[in-house]
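When reading the values below, keep in mind they use all heavy atoms of this one structure, side chains included, and skip hydrogens, waters and symmetry mates.
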Amino acid sequence: MSKILIRGAKVLGGAPQDVLIDGETVAEVGTGLSADGAEVVEAGGKVLLPGLVDLHTHLREPGREDSETVLTGTRAAASGGYTAVFAMANTFPVADTAGVVEQVWRLGQEHGYCDVQPIGAVTVGLEGRKLAELGAMHESAAGVTVFSDDGKCVDDAVIMRRALEYVKAFGGVVAQHAQEPRLTEGAQMNEGVVSAELGLGGWPAVAEESVIARDVLLADHVGSRVHICHLSTAGSVEIVRWAKSRGIQVTAEVTPHHLLLTDELVRTYNPVYKVNPPLRTERDVLALREALADGTIDIVATDHAPHPHEDKDCEWAAAAMGMVGLETALSVVQETMVDTGLLDWAGVADRMSFKPARIGQATGHGRPVSAGEPANLTLVDTEYRDRVDPAGFASRSRNTPYEGRELPGRVTHTWLRGKATLVDGKLT
């Protein structure tokens, strides 16, 4: 069993300490530690966090391996400090059966850069008409606990109610892509001043907010758990805040790009900024940051959505929606939340590891950095600054909105159960 001694790391941003890894677990945390034969990593004041957990990743396999594969996506995850990701169901074929979710889960096991937990579809083929095999997916080897038609909204209230009732039996959660389809027909960007000036079809905030309002009421009625994917508006924040004050079992996520970017960027007509839900206003961005800081929004999730070059290098209307995010997420959170004083590093660990692991029931992840815990860890050089160069990404796709932008922080090491997946910024 190998031993690794991480010397002088700021655990969750605190005072420098030594952390000894023995095999798959953390053996000891303290000062002045030593261990015969241990590999020594000089942290030099870098921040040590529990391995990050992403509750919303698109790995594209099976079916769109030209965009991403489980291998390339998990390599990107390890590069970004993640030790577990939840893979969305909108693959080809859709992950709506035990067979497909087991395939994705086994690919994650085989490649070994991070744990892959498949998310099962709520409805057959993401078509919103008939419930998928929720029980069979939960009882499969993949042990699915999170279900979502992400990319599409479960807009039928009866289907949504039935899904909430079904997953309640085994403690699962339905993750809703909140988008009322009739209100967003032909929509290209956020509805507002910029869309009016550019003449692009507007995507109103109420299309998101109305679905969230309905679903928290349904969750309350059923007594089940609902999770809101990629919440993006100030109004959505207020609905979730109200629901939590009532004791409704709702959790919510925000993406890094919705914490930083606004719809003003669409003036460039660069399709790299086209995403679902769309980039919103500065007012929305500030409301999202405040809500993440005060706990109304529970977690940061990347919505890592890789696309091949030809799907983005075209006119705006024809371009696919989505951005890659696994390799830049922590840097964006540092810029928007830590460097602004809204969160400390313990808060980042809570929003990007502890809580997403709890929501998704990711056993062994989101655990304290203490003796006896699994050695799922990430080391971050918070003083580092550089411009984003997608040519160096591990992801198969390059559709990042941050190309050429200077961002703070860099993940230097990632360990999955004591095994290094990233060393000095390079994948092992």
Practice task
Quick one: do I297 and V240 satisfy side chain to side chain contact (heavy atoms under 4.5 Å, CB included)? Show the steps, please.
Solution key: CA-CA 8 Å; I297 295 175; V240 171; over 6 Å; no
Exercise for the section: Could you go through the side chain to side chain contact (heavy atoms under 4.5 Å, CB included) check for K46 and V380 one step at a time? Expected result: CA-CA 6 Å; K46 295 182 180 73; V380 188; 5.9 Å; no
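With hydrogens and angles ignored, the 3.5 Å screen pairs no side-chain donor or acceptor of Q117 with any backbone N or O of A362. Side-chain N or O atoms of D381 include none that pairs as donor or acceptor with a backbone N or O of G409 at under 3.5 Å. Looking at K419, its side chain never comes within 3.5 Å of a backbone N or O of G112 through a donor-acceptor pair. T378 places a side-chain N or O within 3.5 Å of a backbone atom of H413 that can act as its donor or acceptor partner. For the pair R396 (side chain) and L71 (backbone), a donor-acceptor distance under 3.5 Å is absent. For K274 (side chain) and A317 (main-chain N/O), a donor-acceptor pair under 3.5 Å exists by modelled atom type. Judged purely by atom type and a 3.5 angstrom limit, T74 uses its side chain to pair as donor or acceptor with the backbone of V70. A donor-acceptor pair under 3.5 Å is formed between the side chain of K312 and the backbone N or O of G322.
A pairwise comparison of heavy atoms in R398 and F393 identifies NH2-O, 3.6 Å as the closest pair.
T251 and H227 form a side-chain donor-acceptor contact under 3.5 Å, judged by distance and modelled atom types alone. Side-chain contact of R280 with T233: a donor-acceptor pair under 3.5 Å is absent, judged by distance alone. Side-chain contact, D149 with T123: a donor N or O sits under 3.5 Å from an acceptor N or O. Donor-acceptor pairing under 3.5 Å is lacking for the side chains of S210 and E180. With no hydrogens or angles considered, a side-chain donor-acceptor pair links T302 and D54 at under 3.5 Å. A donor atom on one side chain and an acceptor atom on the other are not found under 3.5 Å apart for T328 and S331. For the 3.5 Å distance criterion, the side chains of S395 and E68 qualify, holding a donor opposite an acceptor.
Listed by chain and residue number, nothing satisfies the salt bridge (charged side-chain N to carboxylate O under 4.0 Å, His left out) test with R75 (two or more places apart in sequence, or in another chain). The side chain to side chain contact (heavy atoms under 4.5 Å, CB included) check on P50 picks up L12, A349, S353, F354, V369, with sequence neighbours excluded. Applying the side chain to side chain contact (heavy atoms under 4.5 Å, CB included) criterion to V285, with sequence neighbours excluded, gives T262, R289. Shown here are the salt bridge (charged side-chain N to carboxylate O under 4.0 Å, His left out) partners of E110, two or more places apart in sequence or in another chain: there are none. Listed by chain and number, the residues in a salt bridge (charged side-chain N to carboxylate O under 4.0 Å, His left out) with E238 are R241 (sequence neighbours excluded). In this structure, the side chain to side chain contact (heavy atoms under 4.5 Å, CB included) partners of A318, at least two apart in sequence or on a different chain, are C314, E315.
Atoms CG and CE, on L59 and M88 in that order, are 11.0 Å from each other to the nearest 0.5 Å. The OG atom of S195 lies 5.5 Å from the CE atom of M189; values are rounded to the nearest 0.5 Å. Atoms OG1 and CG, from T414 and L377 in turn, are 9.5 Å apart once rounded to the nearest 0.5 Å. Atom CD1 of I212 sits about 12.0 Å away from atom CG of L217, to the nearest 0.5 Å.
Under the 30°/60° scheme for interplanar angles, the aromatic rings of F170 and Y166 are found to stand perpendicular. Ring geometry for H177 against H230 counts as perpendicular: the plane angle is over 60°, on a 0 to 90° scale with 30° as the lower cut.
Summarising the local packing, CZ of R214 is surrounded by more than 12 heavy atoms from other residues, nucleotides or ligands at distances under 6.0 Å. In this structure, R267 places its CZ atom where more than 12 heavy-atom neighbours from other residues, nucleotides or ligands lie under 6.0 Å away.
Under the 6.0 Å cut-off for aromatic ring centres, H58 and H56 qualify, their centroids lying closer than that.
Ion pairing between a basic and an acidic side chain is recognised when a charged N comes within 4.0 Å of a carboxylate O; R417 and D115 show such pairing.
Side-chain atoms of P62 and V104, non-hydrogen and from C-beta on, do get closer than 4.5 Å to each other.
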